[in-house]
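Throughout, a chain's letter reflects where its sequence line sits, starting with A, and its residues are numbered from 1. These figures come from a predicted structure and were not determined experimentally.
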Amino acid sequence: MSYRRILLAALGGALAATIWMWRPAQAPNWSPAEVSQIESLWIENLPPLPVDPTNAVADDPDAAEFGHALFFDTRLSANGAIACATCHQPIRHFSDGLRKGVALGMSKRNTPSIVGTAYSPWLYWDGRRDSLWSQALSPLEDPNEHGSDRMQIVRTVQEAADLRRTYEDVFGPMPDFSDPRRFPDKAAPSINAEHTAAWRSMTAADRTTVNRVFSNLGKALAAYERRLVPAPARFDEYAAAVAKGDKPAQRSTLSAEEAFGLRLFIGKARCTECHNGPLFTNNEFHNTGILSAPGDLPDRGRSEGLRLVRNDPFNCAGAYSDAPEPYCAELDFAREGIELIGAVRTPSLRNLQNTAPFMHRGQLDTLLEIVEHYDEAPLAMIGHNEAKPLSLSGRERRALVAFLQTLFSPPAADERWLAAPALVHGARPAFAEASPRKRSTDATAQNQ
Amino acid sequence: MTPLRLTMLALIVAALLATSLVQARDFSTPVASRDGRYLLSYASELQPLVINRIHRWTLRLQLADGSSVEGARFSVSGGMPRHDHGLPTQPIVTTELGEGIYVMEGMRFHMAGTWEIVVRIEAPSGNDTAIITAEL
């Protein structure tokens, strides 16, 4: 073979390779099983909000307005400077950007987003509450968060004309807490010995009266939080295109790398074993071998959370549930066992933008670190890591991160729900700025 | 309310009840227990089965000859053999409806795939275990 022929063959090969590299991007072919998996993650398949029979005002618009005001109000805290929105900041998808929440003190765990949590049968990383409203009560009395006590809280609402008026519009006349012999200055069943002693000195009937008003505040907060659900993200446009078999729309919605990440997400990387359904969570408890943060003891997770929720007087079966004969299937048929040691609740993967650091104690800073963690599947410090090593290549890890970024979207709530109400007391500038400046048309279309 | 309206209402209620009973009796193909003592079939309140929703099953327990087994007691476990984990809930058989029909509450699946529901049966006619396989 002459040199000329070899040269021509080489040139022809180079030309063919160049044409191949610059070929138009092909939409991937999805098998029927993969199409079904993709559709199962599509927000279009998110069912209506589950009803909450334990909260009679769950879908009451006036209760949502009251809850919105309470969410941003600092008067319910011990120092008058902490609100729910201190840690659940709208601009950060209702989280705070810290490893662990910081209010009066430092919380034990990472502040999770509350967007979409109305769908979860369990609240908190360890599921120690079983409704949005019972969860909302807990920070008010946590010494590291609002640090207040229920006696002071109900009295604050009674004495603040604006709060009292709004409360009574929703729940009817408020009991009179002005008699100091019946209702001490500060009282609550808590780790504070003085508050606990004062609480025990009250009659059972008066304690119930206080608890009733206290639980109503949680129910109003829950009515607000139920309005915070995620809007469609770019992935959902893609899922719609896959459902229709519209290849051009698929090509224009996700890049080849993002679509490859999706293929891994529902396949080799086994993410949908836990991050499944339209909210990308099964709201179940899993030990995935995430290491404790330096200086932290291993987290007992659900094994402790189950004990706490069963003993919570504000749980589904408790006296403050509004259901006459509550059916508390999740509580009644909750499982026990060693699998729950070190297990924490699967978080949603929608809206990870601005919610780093990640994991239950903020152990990981980036999405790539999370993918690397699951790829490696290290031994758990306590309990048993359910995950198995994945043997992902560097390209596959990056593709998974690229796919996770297609799930970014703001909450599908009217913009006014994402900032402090105009006249809220104690709305500091940080809250006033806490509204995303630019919002997608999708989100606006979803306004409630 | 007029008698006609009452009759219509009663008819609607009866139709709804009948529909739900028919659905409840829409049982799976029975599985034989390990020692061959029993046949166990189920009807799910959720059809098809979907992930992440708590629901009830109705169980039908028969002897191998097809006769109903009454007065049985059950304990339920199971999980996903391929994933080495158990059920996310602790289902319990709470009610006996008669004629070998029982209500099992607290069923929930949190992953798609193959699940095994292991039902330990204790009855006057002997103890045995049946495994129901469910695909989601």
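Heavy-atom distances place both the backbone and the side chain of B/I92 under 4.5 Å from chain A. Contacts between A/T281 and chain B at a heavy-atom distance below 4.5 Å involve the backbone alone (N, CA, C, O). Proximity to chain A is absent for every atom of B/S77, based on heavy atoms less than 4.5 angstrom apart. At a 4.5 Å heavy-atom cutoff, the contact between A/A329 and chain B is made by backbone and side-chain atoms alike.
By the 6.0 Å contact criterion, CD1 on A/I338 is open, its count of non-hydrogen atoms from other residues, nucleotides or ligands being 12 or less. For B/R82, the CZ atom is loosely surrounded, since the number of other residues' heavy atoms within 6.0 Å does not exceed 12. Within a 6.0 Å radius of CZ in B/R37, other residues, nucleotides and ligands contribute more than 12 heavy atoms. Within 6.0 Å of CZ on B/R120 lie more than 12 heavy atoms contributed by other residues, nucleotides or ligands.
For the pair B/R56 and A/Y327, the cation sits on the ring face: its NZ or CZ lies under 6.0 Å from the ring centre, inside 45° of the axis.
In this structure, A/E284 CD and B/L87 CG are separated by 10.0 Å, a value rounded to the nearest 0.5 Å. Here the OG-CG distance, from A/S40 to B/L136, works out to 11.5 Å after rounding to the nearest 0.5 Å. Expressed to the nearest 0.5 Å, how far CG of A/N282 lies from CZ of B/R108 amounts to 8.0 Å. A/L331 CG to B/T89 OG1: the interatomic distance, rounded to the nearest 0.5 Å, is 13.0 Å. Once rounded to the nearest 0.5 Å, the distance linking NE2 of B/H110 with CG of A/N276 reads 8.5 Å.
Interface remark: of the candidates A/E339, A/K388, A/R270, A/E336, A/E339 forms the most heavy-atom pairs closer than 4.5 Å to chain B. Of the listed residues B/H55, B/H85, B/E105, B/H83, the one with more heavy-atom pairs under 4.5 angstrom with chain A than any other is B/E105. Among A/Q37, A/E330, A/E386, the residue with the largest count of heavy-atom pairs under 4.5 Å with chain B is A/E330.
Across all non-hydrogen atoms, the minimal contact from B/M111 to A/C274 is CE-SG, 4.1 Å.
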